[in-house]
Amino acid sequence: MATETYDRLVAKAKEIKLLAGVSGLLGWDQETYMPAKAGEVRSDQMALLAGLLHDKVVASEIGDLLATLEKEKLSAERAAVVRETRRSHDRERKLPKELVEEMARTTSRAQEAWAKARKEKDFPAFAPWLEKVLDLKRQVAKHLGTPGQEPYDALLDEFEPGCTSAELTALFTRLEAELVPLVKKIVSSKKKPRVEILERRYAKAKQEEFGRLVAKDMGFDFEAGRLDVSAHPFCSGLAPDDVRITTRYAEDDLTGSLFGIMHEAGHGLYEQGFDRAWYGTPLAEACSTGVHESQSRLWENMVGRSRSFWRHYFPKLREFFPEPLADVSEADFVFAVNDVRPSFIRTEADEVTYNLHVLLRFEVERDLLSKKLSVSDLPRFWNDKFEKLLGVRPADDAQGCLQDIHWSFGLFAYFPTYTLGNCYAAQIHAAADKELGLDARLAKGELKPLREWLREKVHARGMLHRPKELVKAVTGAPPSPEPFMKYLNAKYGELFGF
Ligand code: ZN
């Protein structure tokens, strides 16, 4: 009896997953190939799909099936399927369908408005859209939250189950106290990398070829995925056998496209690494946004910016670009890709300053959502706080509060998952290193053992555990910023000589 009920639940869950994949495909298309004039009809299509999805998730049949299964004794896997399906069902039931559709329609249009405003450095043009999205998000938070709960926390729970803004405040307080002096130490070091070697002329086609080579070596399956170009690199997992990643190329930037590819391929390996037998259930879904980000950051930074990785790949890179790299040594190159300096754009920030960018967004969003900060005061607030944290002031809003696409998507309370991802990544990387001896393997160009290890320990588990439990199951200890700070201090101390 239980099996029959369970199978019916899984069939329903699979329909939801399939429909979400269709919506995801339209979203991917919007960022890659959609003609400019299709924006309006696309926003209607997205709103329609969001409404259909909502109906499916809140269907009373799912509630009935869950209620029956919750009385049964189930295996750990099936219990996790029931637990997570219950979570999304209850969450979605709290939201009126009209609000869900309105959010999809508004954010689809807001993305266009944001892209134009950023290009023209015109914050007032985006401000009314930001007001509108914020207002909708406040309504969402009100429906989802418990009495007295901060709106931020109600939204955060969607991305990082079990995480609270109080925990994040503690995390960021600690990181700020350690990162600000570390940045100062690095900036005042006499040792400086030759960054101009990365800014010579590097043909786009060759960059793409090299990026594809590395992604393939990482184990990204191009028969179950694609690589395209978009303004903002991203990864869209439509199904384990259909994972789309993007990057962007600039001829005067050798490594921007590559690290974009490694980052998104890290996300992509997670999506491709789900157990197909569980497809359609939460066991073939990412544990959390923070854990997803740990996979991309681990590949991009801990592997892609390591000395041992370039021991193998630098000679190859030179074969791709013999002339511009003729006078560059491996040591020069590794130092250059690990340059640290205060900069304005988060996605281009180095590993050390990166989390200060996130900290700023955490504070800004909490204050915007609670109306402590008004949209019209945002640019000034942003620039003041940025200067306080990083010692430099953005010259315009494209370099400041207009730089990220997230708010136009309605992604509030999302940014801290990047910092959680960095912390999880360092902890998971240290555990993998202990078991596999990564330096020796990477130096030989062996990336697959790490992919296999991650697949077994993280990817294939899906949502079996909550994020904190998963980190503990993989590394033997609960999540902590300790391994991340240890990693940064060791790596940058060696590079900059302190
Ligand atoms: Zn990412």
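Computed from a predicted model, the values in this text were never measured in an experiment. When a ligand or atom number is given, it counts from 1 through the structure's own listing order.
- Aromatic ring orientation, Y313 versus F210: perpendicular (interplanar angle above 60°, classes split at 30° and 60°).
- For the Zn ion (ligand 1), the N/O/S atoms of E293 include one lying under 2.8 Å.
- A cation-pi contact links R305 to F259, judged by a cut-off of 6.0 Å to the six-membered ring centre and 45° from its axis.
- For the pair R297 and Y354, the cation-pi test (distance below 6.0 Å, angle within 45°) is passed.
- A distance of 6.0 Å or more separates the ring centres of H406 and F412.
- Residue contacts to the Zn ion (ligand 1): C235 brings no N, O or S atom closer than 2.8 Å.
- Metal site remark for the Zn ion (ligand 1): H267 contributes an N, O or S atom at a distance under 2.8 Å.
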